[in-house]
Amino acid sequence: MAPKPRVRFAPSPTGELHVGNARTALFNWMYARHHGGSFILRIEDTDESRSALSYQISLFDDLKWLGLDWDEGPNKEGAYGPYRQSERLDIYKSHLQKLIDADLVYPCYCTEEELEEERQNLILSKRMPRYMGKCRNLSPDERKQREKEGKKPSYRFKIYPQTIEFKDLIRGLMKFEADAIGDFIIVRSNGMPAYNFAVVIDDHLMNINHVIRGEDHLSNTALQIMLYRAFGFEPPTFAHHSLILGKDRAKLSKRHGSVSIGEFRKQGILPEALVNYLGLLGSSFTDAREVLSREEMIAGFTLKRASRSGAIFDEEKLLWLNAIYIRNCKTEDLVARLTPFLEQSGFKKEIINSEGFKRIIDLVKTDLTTLADIENHISLFFDDKYELTDEAKKILEKDTAQNVVRTFARYLAHNTEQQNLYAAAMKHTKEKTGAKGKELFMPIRAALTGKTHGPELDKVFIVLGTNSALKRLEFFIR
RNA sequence: GGUCCCAUCGUCUAGUGGUUAGGACGCUGGCCUCUCACGCCGGAAACCAGGGUUCAACUCCCUGUGGGACUACCA
């Protein structure tokens, strides 16, 4: 039996979690859950200048919000920790020593300026910009000389001509020639490990057997496989999924608008909707349906159905899913989710938690595409001094309309205690004025709510209550 | 420039040699209805191009074209 998959999501805390990375996390998570394996979170914070603790915190928040729980990682230590690369520096150091001892790496004393110059020259002479191995064959004396000058070396991995092949679970057989690759840095002059180096060591030591990541890492894989060979480690199985693209078909980035998970949260996107959408983007499930629960997604997930071509992020479809998830929320649950948005709009807790409020939410549920939409749809229930829309004005200007409103209002005023007052008043108004259909409903709707659109009138009336309804109507009877 | 990846409606996708090329979002016509939303029914809309292979190509192969990623002492 194949061993249980151990997969990881390894973000660097250099910014907010964005949808691209979130989808990678989701794929890994679904893969682990589908196969009963483990999902590991590892923080790749070796770039001290760009990493920030605050990003780590928001990263954890976002993953939890999405419901992507990890089995091992920061705050959930397992047998393979620590799970922050900054806490594993001695591990990298000892592994560097192994490669030095095996004469597979060498110190490089070139400065960034020198390297940049070399690169420019190569580009000018229309050759491949890559490191030409200036420091590769330095004699021990030359090295000592540079050390004496106080130069701190970076360490480069020696590339030998070879063909690197690996089987990608999504893309099939991949083949790379090493001679296009220059000796690359595995440890920087400040002593910090470089990505390709740390990732290989960690994935091996953490027993990661499936690496699922974005296509942008495809060419890195060749470098990493050379390192696996150098260490004598067995490489994991790789799977490179396609990238999420913006409308211009370029890799999705900030300039395409909202892309961070936090932004979607603030806009009132439900995590279920976002997860569902991300699962659908650039992939499909065994189950052909598109609105899927978390459990159904896990059950229907397979890398075989991951698309090889990039997928444009379609916000319209996300919103469609979001509206469905909002509609399907139990009203109580929806009120809870809506609460932060309502409080921001100035609604008091007592109102939000009242029974009457639940009835209102029930009425407007189907109108919402995002949670942030809520205010536009409930204001008519709370604002007694609303402005009429142009359409509402037009309707109320008619004489017949005035008559309808007046008749309706008068009946209400004289029968406040009657059962089913609304129905009775409507019946009365219909008979008395002869108005029916639009002629009957619209003036009352317009006078009652100031708008020509909204939930069914009878329900609006009940929520408003007779007193409030009367107050509003009287305002229009001049 | 080099290396690599990719190519079905506008978008996300199903499809694995023989299909009226299916679904979803969006768009659109209608039904429901006081209105809007929801819901329901219908419509328009695609196999990048050219060569092969084959009785038969969206499907397999080659070339071209187009798009993308990588090409850092970032991950």
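Proteins come first, then strands; the chains are lettered A, B, ... in the order of their sequence lines, and each starts at number 1.
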Colleague: Quick check: Tyr277(A) with Phe313(A) (ring centres under 6.0 Å apart)?
Modeller: yes
Colleague: Would you classify Gly310(A) as touching base, sugar-phosphate or nothing, given that sugar-phosphate means primed atoms plus P, OP1 and OP2, and contacts are heavy atoms under 4.0 Å?
Modeller: sugar-phosphate
Colleague: Tell me whether Arg136(A) forms a cation-pi arrangement with Tyr160(A), defined as NZ or CZ under 6.0 Å from the six-membered ring centre and within 45 degrees of its axis.
Modeller: yes
Colleague: Output the rounded distance in Å from NZ (Lys438(A)) to C1' (C32(B)).
Modeller: 14 Å
Colleague: If I take atom CD in residue Glu290(A) and atom C1' in nucleotide U11(B), what distance separates them, rounded to the nearest angstrom?
Modeller: 12 Å
Colleague: With RNA chain B as reference, determine whether Tyr277(A) or Met442(A) sits nearer its 5' end, using the nearest nucleotide of each.
Modeller: Tyr277(A)
Colleague: Strictly under 4.0 angstrom, non-hydrogen atoms only: write out the protein contact profile of nucleotides 60-74 of chain B, one letter per nucleotide from the 5' end, B, S or -.
Modeller: -------SSSSSSBB
Colleague: Can you measure His453(A) atom NE2 to C38(B) atom P for me and round it to whole angstrom units?
Modeller: 13 Å
Colleague: If you compare all heavy atoms of Leu448(A) against all heavy atoms of Arg472(A), which two are closest, and at what distance to 0.1 Å?
Modeller: O-NH1, 2.7 Å
Colleague: Give me the distance, rounded to whole Å, that separates G15(B) from A21(B) when you measure between the C1' atoms they each carry.
Modeller: 8 Å
Colleague: Using a 4.0 Å heavy-atom cut-off, does Ser242(A) contact any base of the nucleic acid, only the sugar-phosphate backbone, or nothing at all?
Modeller: nothing
Colleague: Determine the contact category for Glu439(A): base if any of its heavy atoms lies under 4.0 Å from a base atom, sugar-phosphate if only primed atoms, P, OP1 or OP2 are that close, otherwise nothing.
Modeller: nothing
Colleague: How is Ser309(A) classified with respect to the nucleic acid when contacts are heavy atoms under 4.0 Å: base, sugar-phosphate, or nothing?
Modeller: sugar-phosphate
Colleague: Does His204(A) have its ring centroid less than 6.0 Å away from the ring centroid of Tyr228(A)?
Modeller: no
Colleague: Roughly how many Å apart are G10(B) and C6(B), using the P atom of each and rounding to a whole number?
Modeller: 23 Å
Colleague: Take atom P in A44(B) and the same atom in G22(B), then report the distance between them in whole Å.
Modeller: 10 Å
Colleague: Using only side-chain N and O atoms of Arg305(A), determine if any of them is under 4.0 Å from OP1 or OP2 of G15(B).
Modeller: yes
Colleague: Determine the contact category for Thr452(A): base if any of its heavy atoms lies under 4.0 Å from a base atom, sugar-phosphate if only primed atoms, P, OP1 or OP2 are that close, otherwise nothing.
Modeller: base
Colleague: Quick one: label Arg327(A) by what it contacts on the DNA or RNA (base, sugar-phosphate, nothing), any heavy atom closer than 4.0 Å.
Modeller: sugar-phosphate
Colleague: Classify the side chain of Lys317(A) versus the base of A24(B) as yes if they form a donor-acceptor pair under 3.5 Å and no if they do not.
Modeller: yes
Colleague: How close or far is atom C1' of U13(B) from atom CD1 of Ile312(A), stated in whole angstroms?
Modeller: 13 Å
Colleague: So among Asp203(A), Asn28(A), Ile212(A), which one has a side-chain contact (heavy atoms from CB on, under 4.5 Å) with Arg8(A)?
Modeller: Asp203(A)
Colleague: Is any side-chain heavy atom of Leu89(A) closer than 4.5 Å to a side-chain heavy atom of Pro193(A)?
Modeller: yes
Colleague: Would you call the rings of Phe157(A) and Phe184(A) parallel, tilted or perpendicular, taking 30° and 60° as the class edges?
Modeller: tilted
Colleague: Could one point to a donor on the side chain of Arg308(A) or the base of C6(B) with an acceptor on the other under 3.5 Å away?
Modeller: no
Colleague: For G26(B) versus C12(B), give the span between their C1' atoms, rounded off to a whole number of Å.
Modeller: 11 Å
Colleague: Any side-chain heavy atom of Tyr106(A) sitting closer than 4.5 Å to one from Leu138(A)?
Modeller: no
Colleague: Tell me: CG of Leu319(A) to C1' of U11(B), nearest whole Å?
Modeller: 14 Å
Colleague: Taking the same atom, P, in C55(B) and in A14(B), what whole-Å distance lies between them?
Modeller: 31 Å
Colleague: Hunt down the Watson-Crick or G-U wobble partner of A57(B), both distances under 3.5 Å, from any strand shown, or write none.
Modeller: none
Colleague: Tell me: CG of Leu280(A) to P of G23(B), nearest whole Å?
Modeller: 16 Å
Colleague: Sort out the partner of C70(B) for me: Watson-Crick or G-U wobble, both distances under 3.5 Å, none otherwise.
Modeller: G2(B)
Colleague: Quickly work out the Phe441(A) CZ to C34(B) P distance and round it to whole Å.
Modeller: 6 Å
Colleague: Rounding to a whole Å, what distance do you find between Asn276(A):CG and C12(B):P?
Modeller: 17 Å
Colleague: Before we go on, tell me: are the rings of His428(A) and Tyr411(A) under 6.0 Å apart, centre to centre?
Modeller: yes
Colleague: Can you tell me the Watson-Crick or wobble partner of G50(B), both distances under 3.5 angstrom?
Modeller: C62(B)
Colleague: Among Arg337(A), Lys358(A), Arg359(A), find the residue that satisfies the salt bridge (Lys or Arg N to Asp or Glu O under 4.0 Å) test when tested with Glu332(A).
Modeller: Lys358(A)
Colleague: Residues of residues 166-178 of chain A with any non-hydrogen atom less than 4.0 angstrom from an atom of RNA chain B: list those, numerically ordered, please.
Modeller: Arg171(A), Met174(A), Lys175(A), Phe176(A)
Colleague: Could you give the distance separating U63(B) and A69(B) at their P atoms, to the nearest angstrom?
Modeller: 24 Å
Colleague: Would you say the rings of His210(A) and Phe27(A) are close, in the sense that their centroids are separated by under 6.0 Å?
Modeller: no
Colleague: Is there a Watson-Crick or G-U wobble partner for C36(B) with both distances under 3.5 Å, and which nucleotide is it?
Modeller: none
Colleague: Any base atoms under 4.0 Å from Ser283(A), or only sugar-phosphate, or nothing? Heavy atoms, all strands.
Modeller: sugar-phosphate
Colleague: With both distances kept under 3.5 Å, what pairs with U16(B), Watson-Crick or G-U wobble?
Modeller: none
Colleague: Less than 4.0 angstrom from a charged side-chain N to a carboxylate O is my criterion; do Arg289(A) and Glu296(A) meet it?
Modeller: yes
Colleague: Once you apply the 3.5 Å cut-off to both distances, tell me the Watson-Crick or G-U wobble partner of G42(B), or none.
Modeller: U28(B)
Colleague: Under 4.0 Å, heavy atoms only, any strand: does Ala288(A) hit a base, just the sugar-phosphate, or nothing?
Modeller: nothing
